[in-house]
Student: 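My questions all concern the structure below.
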Amino acid sequence: MRIKIKKPSDLTDNDVTDESIYKNRRQVLRSLGYVGASALLAPHAKAFNWFSDDDEPAFKRRPLTYQSDKNDPQTITPEDKATSYNNFYEFGTDKSDPVENAQSFNVNPWTLKVDGLVNKPFSIDFDNLFTRFPLQERIYRLRCVEAWSMVIPWIGFPLAQLIKQADPQGSAKYVAFQTLRDPKQMPGQRNRFVGGGIDYPYVEGLRLDEAMHDLTLLTVGLYGKSLPPQNGAPVRLVVPWKYGFKSIKSIVRISLVEQQPPTTWNTLAPHEYGFYANVNPTVDHPRWSQASERRITTGGLLARNRIATQMFNGYEEVASLYAGMDLRRLY
Amino acid sequence: MVWIRLTNRRVIALKSLIHIIAGLWLVQTFYAAISDQLAGDPVEILLHFTGIGALNLLLLSLSLTPLAKWQRQGSWIALRRLTGLWSFTYALCHFLVFILFELQLEWQLVASEIIQRPYITVGFSALLILTALAITSISVLRRRMGRSWQKLHNTVYIAVLLIMLHFTWSLKTLELQILIYAIITGTLLWFRRNKLAGFLIKK
């Protein structure tokens, strides 16, 4: 798939698969007479999940009112893929663990604290997350450090709006984020083998100018509804020009600080994951190439979905933030 | 304690069962992946399925000799070749999924990944060993090779260690699963400690 760039952040790939069409694909197959084969194979379709039931997810997502992103016709990843293939080690290290283990995750009540070097610290409760700022849709590419990517319609508000309300002090240089720590609800925090041996809570950080950039979105929903737990309910960060692990999930605290804060993956393996973690095709992960990626949309196994990775994930408008920095060293 | 008396008929039944399970499971998982019925990324799911399947089958084949000794029934050994060959088949599928669907035939990338990434180099080496063992499992070759056949097939212990290294290295963090596999591998190698010691000294 060739991708032409119209604006730095806009892909113009016109073969958008409408979600309703995508969801109808099985009916199409059925009408072609595949009913026998699919009925025979359906119980085995999830080869690894013999012991999981196929109940509908219990978690209730609320529909959101938002300004939709109209001028970004990218091929969007189907919702069921974006919500069933997740890295969220608090709920297990396998990609299918979060959707299986997080459905009873309770996000209401929730408190997001904004504090640190600010003149007006404040807290946001669950309902406030959806009402305090006008919500807008942003269709962003999400590039995982594992060299796969998706295109996801997020709903949220620029982090800058929230930070401005807190009125940062002059000494604030960085923003530190923290995920909920609740071992009762998060099996990965109870057992280090379930959670990959990470020291919880998960923490992330941005430089203040990165946090204030308009692309940086504090996100409360996707695909028209509030976030499901496996995608970081009720509130998560989305920084589209950085590898996915920077986009911290289920945030309870945002602090403005003076020094570069510690970040989870950087602490765990500093030679593999940097603080900046900008998408950069010229700096490989020590164990795999970052020059290209597989874009997960539709099509199954035979989809030819390997595409070249773009600097800053194609969001070139952020390049000025890093003028004069050696991005090979500060990866 | 003898579980079952392995008559010839039962050996054939067990062999058929292994063929059916290993074969059907592989076919239906590929079918689900091709028809986009797997949740998430079919490539990663297939890579894990074939990789872990190859390791499971290899460990199964390595457990048959200790089982035969414990049960005092040599017939268990008769299942070794087909489980080993199925392990090779899964490993080959694992490699093909990597080349065809993960790297999608970008040959420059294929070459650089195999050469530059230690965990892929290690996995590829294990596949080369399994390939040699699979080819020489043909009865005619086995007879022709005489004593050197056993020497060659002792390298299966190197292969299982390389596979464990490849598996561990491919993960981002420590997981319970890998510890369980390490314990099983360690136990199976412990049963053969005398043989392995001799094997290592001769080298």
Side-chain angles (χ1 to χ4, degrees), chain A residues 22 25-26 29 34 37-38 40-42 44-49 78 80-87 89 92-96 99 145-148 150 191-198 245 265 268-269 272-273 284-289 291-292 294 296 298-306, chain B residues 24-50 52-53 96-106 108-123 166 168-180:
Chain A
Y22 174 76
R25 72 201 188 284
R26 293 203 172 95
L29 280 177
Y34 276 88
S38 57
L40 185 69
L41 289 159
H44 310 283
K46 292 177 181 171
F48 293 107
N49 303 334
D80 67 342
K81 294 207 176 194
T83 57
S84 64
Y85 187 78
N86 310 93
N87 276 322
Y89 281 22
T93 51
D94 202 275
K95 300 273 193 311
S96 60
V99 67
V145 73
E146 297 165 0
W148 53 267
M150 292 185 177
N191 182 331
R192 59 182 290 111
F193 292 120
V194 177
I198 287 176
F245 67 85
W265 281 100
L268 202 69
E272 296 192 331
Y273 312 101
D284 283 349
H285 185 284
R287 287 183 281 156
W288 54 83
S289 165
S292 58
R294 280 190 309 103
I296 297 171
T298 55
L301 186 62
L302 304 180
R304 312 301 295 171
N305 56 6
R306 185 162 281 281
Chain B
L24 275 186
W25 206 340
L26 191 64
V27 168
Q28 77 82 11
T29 307
F30 267 86
Y31 175 85
I34 289 168
S35 57
D36 205 11
Q37 291 181 52
L38 298 170
D41 179 11
V43 179
E44 194 190 273
I45 292 173
L46 275 188
L47 275 177
H48 286 188
F49 170 75
T50 50
I52 289 174
L96 291 176
V97 168
F98 182 65
I99 302 294
L100 293 174
F101 305 123
E102 172 69 43
L103 303 183
Q104 302 182 1
L105 297 174
E106 280 193 26
Q108 226 179 336
L109 195 58
V110 171
S112 65
E113 292 288 278
I114 291 176
I115 295 163
Q116 289 171 14
R117 316 283 165 195
Y119 86 102
I120 292 172
T121 314
V122 163
H166 167 73
T168 313
W169 224 333
S170 73
L171 301 174
K172 275 160 75 189
T173 58
L174 190 68
E175 293 176 20
L176 181 61
Q177 194 185 28
I178 196 77
L179 290 181
I180 294 170

Student: Please name all residues satisfying side chain to side chain contact (heavy atoms under 4.5 Å, CB included) with N86(A), sequence neighbours left out, ordered by chain then number.
Tutor: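 With neighbours one apart ignored, the set is P98(A), Q230(A), N231(A).
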Student: Is there a side-chain contact between L105(B) and L100(B) (heavy atoms, below 4.5 Å)?
Tutor: yes
Student: So, are K95(A) and D41(B) salt-bridged, with charged N and O less than 4.0 Å apart?
Tutor: no
Student: Which atoms of S170(B) are under 4.5 Å from chain A, going by heavy atoms: the side chain, the backbone, both sets, or neither?
Tutor: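 Backbone of S170(B) only, per the 4.5 Å heavy-atom cut-off to chain A.
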Student: Side chain, backbone, both or neither: which part of L171(B) has a non-hydrogen atom closer than 4.5 Å to chain A?
Tutor: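 The answer is the backbone of L171(B).
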Student: Taking side chain as C-beta onward, heavy atoms only, is W288(A) less than 4.5 Å from E102(B)?
Tutor: no
Student: Under the ring-ring contact (aromatic ring centres under 6.0 Å, His included) rule, collect the residues that match up with Y89(A), sequence neighbours excluded.
Tutor: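 If we apply the ring-ring contact (aromatic ring centres under 6.0 Å, His included) test to Y89(A), skipping adjacent residues, the hits are W265(A).
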Student: Who among I120(B), L179(B), V97(B), L103(B) has the most heavy-atom pairs with chain A under 4.5 Å?
Tutor: L103(B)
Student: Please look at R294(A) and chain B and tell me whether the side chain, the backbone, both or neither of the residue comes under 4.5 angstrom of a heavy atom of that chain.
Tutor: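 The answer is the side chain of R294(A).
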Student: Counting heavy-atom pairs closer than 4.5 Å to chain B, which one of D94(A), L301(A), N305(A) comes out on top?
Tutor: L301(A)
Student: Please determine, among E106(B), Q116(B), Q104(B), E175(B), the option with the most heavy-atom pairs under 4.5 Å with chain A.
Tutor: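 Of the options given, most contacts go to Q104(B).
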Student: Would you mind checking which part of E146(A) comes under 4.5 Å of any heavy atom in chain B, side chain (CB onward), backbone (N, CA, C, O), both or neither?
Tutor: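 It is the side chain, since no backbone atom gets that close.
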Student: Side chain, backbone, both or neither: which part of Q177(B) has an atom under 4.5 Å from a heavy atom of chain A?
Tutor: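 When you check distances to chain A, no heavy atom of Q177(B) falls under 4.5 Å.
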Student: Side chain, backbone, both or neither: which part of F101(B) has an atom under 4.5 Å from a heavy atom of chain A?
Tutor: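 It is both, since atoms from each part get that close.
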Student: Less than 4.5 Å apart, any side-chain heavy atom of L38(B) and any of E44(B)?
Tutor: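 They are not in side-chain contact.
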Student: Which atoms of E113(B) are under 4.5 Å from chain A, going by heavy atoms: the side chain, the backbone, both sets, or neither?
Tutor: side chain
Student: What part of S292(A) is in contact with chain B, defined as an atom under 4.5 angstrom from a non-hydrogen atom: side chain, backbone, both or neither?
Tutor: side chain
Student: Which atoms of A269(A) come close to chain B, meaning under 4.5 Å heavy atom to heavy atom: side chain ones, backbone ones, both, or neither?
Tutor: neither
Student: In sequence, state the C-alpha distance, the side-chain angles, and the governing distance for V194(A) and L176(B), and then conclude on side-chain contact (heavy atoms from CB on, under 4.5 Å).
Tutor: CA-CA 7 Å; V194(A) 177; L176(B) 181 61; 5.8 Å; no
Student: Can you tell me how the ring of Y119(B) sits relative to the ring of H166(B), calling it parallel under 30°, perpendicular over 60° and tilted otherwise?
Tutor: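 If you compare the ring of Y119(B) with that of H166(B), the planes turn out parallel.
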